[in-house]
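What follows is a single structure, written as structure tokens, with notes after it.
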Amino acid sequence: THLAATLGGLDPAEVDGLAIMAKETPLVRDAIANLRKRGIPVVSLVADQPNSDRDHFVGIDNVAAGRTAGTLLGRFTGGQRGKVVVVITNKQSRDMIERRHGFDQVVGAHFPHLEPLPSIEGQEDPQHTEKVTLRALQANPDAIGIYSVGASVQGIARAIAAARLPKRPILIDHELTENSATLLRSGVVDAVITQNTGHLARSALRVLRAKCDKTPVIESQENIRIEIVIRENLPSMK
């Protein structure tokens with residue numbers, strides 16, 4: 001509600017364009033529609049708003065990212081049978097929904113030895129993420145994998161340590177940060193599926209400029225690639 005009110009108060013005389021990353025809700029869709037009616041171009045960033053009037057989406061193919069996560073987890077577990085804890089930020093974000101969909105597609109088709117559990121929500125809170133993940137691991141001590149779709153990886157790491165499982169579960173995460181890089185180095189995280197944030201920012205600016213100038217968007221230039229980072233190819237975070 002607060003975000004929708006903020007968007008509704010934007011003045012076309014002061015704002016040339018808007019890049020937005022938000023949950024896909026009726027309030028946000030209505031706010032985007034009102035912005036477009038007032039001549040303000042809107043780009044959805046990272047998480048798409050495909051049912052809105054947004055002009056363009058800048059981000060990776062999140063279904064493909066989820067399929068990538070499923071493939072990595074399936075191969076890393078080496079055919080071992082077991083459950084997979086799936087931790088998401090919330091159930092309203094389009095990127096969470098699409099990644100989970102892609103993950104389930106691949107696991108169901110190619111890795112039947114894995115049993116993905118229903119998604120649990122971290123709610124963008126590391127302490128809450130730790131709490132719900134620990135509860136899931138205690139209820140499923142045979143879990144051999146964790147898919148961090150977008151939740152706090154720090155909270156998940158603390159839950160793994162507190163659970164004291166017989167064997168550390170394979171952990172696949174999204175978005176390379178200082179926290180996930182540290183956990184990659186220590187061996188808690190096995191792989192991170194990420195996207196170049198600099199490319200995201202530059203692409204959003206180019207698209208908004210094109211919309212303001214009423215010139216074509218060069219689709220090939222704005223294709224954001226899915227990148228896989230493991231400990232052995234971890235780039236410097238400086």
Side-chain angles (χ1 to χ4, degrees), residues 21-25 28 46-48 59-60 62-77 80-177 179-180 182-184 186-195:
M21 183 171 68
K23 300 174 185 177
E24 186 182 16
T25 67
V28 172
V46 179
D48 198 7
I60 58 174
N62 281 299
V63 174
R67 291 178 63 86
T68 302
T71 299
L72 290 173
L73 190 57
R75 293 182 178 179
F76 283 10
T77 51
Q80 182 182 356
R81 184 174 297 277
K83 297 175 182 176
V84 178
V85 173
V86 181
V87 192
I88 66 174
T89 303
N90 61 73
K91 295 180 180 178
Q92 290 181 303
S93 293
R94 170 68 60 167
D95 53 339
M96 299 291 103
I97 296 169
E98 292 180 343
R99 290 174 186 178
R100 176 68 205 246
H101 179 59
F103 180 81
D104 287 343
Q105 280 182 339
V106 164
V107 171
H110 302 296
F111 304 103
H113 60 283
L114 297 179
E115 181 187 346
L117 298 171
S119 299
I120 55 177
E121 295 180 275
Q123 297 293 352
E124 301 183 28
D125 182 338
Q127 291 184 333
H128 183 69
T129 299
E130 178 183 357
K131 179 181 178 180
V132 296
T133 305
L134 178 57
R135 185 186 303 149
L137 292 174
Q138 290 173 335
N140 301 278
D142 58 340
I144 62 170
I146 301 176
Y147 178 28
S148 173
V149 187
S152 166
V153 73
Q154 281 183 303
I156 293 173
R158 290 197 295 266
I160 292 173
R164 298 182 179 180
L165 300 176
K167 184 177 181 181
R168 181 187 68 83
I170 300 296
L171 174 54
I172 306 297
D173 188 33
H174 279 274
E175 313 311 339
L176 186 63
T177 64
N179 291 330
S180 59
T182 298
L183 293 169
L184 266 174
S186 66
V188 176
V189 172
D190 294 274
V192 176
I193 299 162
T194 192
Q195 50 197 315

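Heavy-atom basis, side chains included; hydrogens, waters and symmetry copies ignored.
- Using a 4.0 Å cut-off between charged nitrogen and carboxylate oxygen, R168 and D190 count as a salt-bridge pair.
- For the pair A65 and I60, the tightest heavy-atom approach, listed with the atom from each and the gap, is CB-CD1, 3.7 Å.
- Across every non-hydrogen atom of P112 and R81, the tightest pair is O-NH1, 4.0 Å.
- Here the closest non-hydrogen pair linking P141 and Q138 is CD-O, 3.6 Å.
- Although no hydrogens or angles enter the test, the distance criterion places a donor-acceptor pair under 3.5 Å between the side chain of S152 and the main chain of G155.
- Separating the OG1 atom in T71 from the CZ atom in F76 is a distance of 10.5 Å, to the nearest 0.5 Å.
- Interatomic distance, I88 CD1 to T129 OG1, rounded to the nearest 0.5 Å: 10.5 Å.
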I172/I193 under side chain to side chain contact (heavy atoms under 4.5 Å, CB included): CA gap, chis, key distance, verdict
CA-CA 8 Å; I172 306 297; I193 299 162; 4.0 Å; yes
Side chain to side chain contact (heavy atoms under 4.5 Å, CB included), that's the test. Do L73 and F103 meet it? Break it down for me.
CA-CA 10 Å; L73 190 57; F103 180 81; 3.8 Å; yes
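- Surrounding CD of E124 are at most 12 heavy atoms belonging to other residues, nucleotides or ligands under 6.0 Å away.
- Using a 4.5 Å heavy-atom cutoff, the side chains of Q80 and K167 are in contact.
- Separating the CZ atom in R94 from the NE2 atom in H101 is a distance of 10.5 Å, to the nearest 0.5 Å.
- In this structure, the side chains of T194 and T177 stay at 4.5 Å or more apart for every pair of heavy atoms.
- Between L117 and V86, the shortest heavy-atom contact is O-CG2, 3.8 Å.
- Pairing each heavy atom of E175 with each of Q195, the nearest pair is OE2-NE2, 3.1 Å.
- Considering OG of S119 and CG of D104, their distance stands at 7.5 Å, rounded to 0.5 Å.
- With S186 contributing its side chain and L183 its backbone, the two residues share a donor-acceptor pair below 3.5 Å.
- Summarising the geometry, atom CZ belonging to R135 is positioned 12.5 Å from atom CG belonging to N140; distances are rounded to the nearest 0.5 Å.
- Between the NZ atom of K91 and the CD atom of E121 there is a distance of 5.0 Å, given to the nearest 0.5 Å.
- Residues K83 and E115 are not paired through a salt bridge, judged by the lack of any N-O separation under 4.0 Å between the basic side chain and the carboxylate.
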Under the side chain to side chain contact (heavy atoms under 4.5 Å, CB included) criterion, do N62 and D48 qualify, and how do the steps go?
CA-CA 9 Å; N62 281 299; D48 198 7; over 6 Å; no
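- Just one of L171, V84, I170 meets the side-chain contact (heavy atoms from CB on, under 4.5 Å) condition when paired with I146; it is L171.
- By the 4.5 Å heavy-atom criterion applied to side chains, V149 and T89 are not counted as neighbours.
- For N179 and T182, the side-chain atoms include no donor-acceptor pair closer than 3.5 Å.
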Could you walk me through whether T77 and H113 pass the side chain to side chain contact (heavy atoms under 4.5 Å, CB included) check?
CA-CA 9 Å; T77 51; H113 60 283; 3.4 Å; yes
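- Counting only heavy atoms from C-beta outward, the side chains of I160 and P169 approach each other to under 4.5 Å.
- Between Y147 and the options R100, H174, R99, a side-chain hydrogen bond (donor to acceptor under 3.5 Å, both in side chains) holds for only H174.
- Across V63 and Q105, no two heavy atoms sit closer than the pair CG1-OE1, 3.9 Å.
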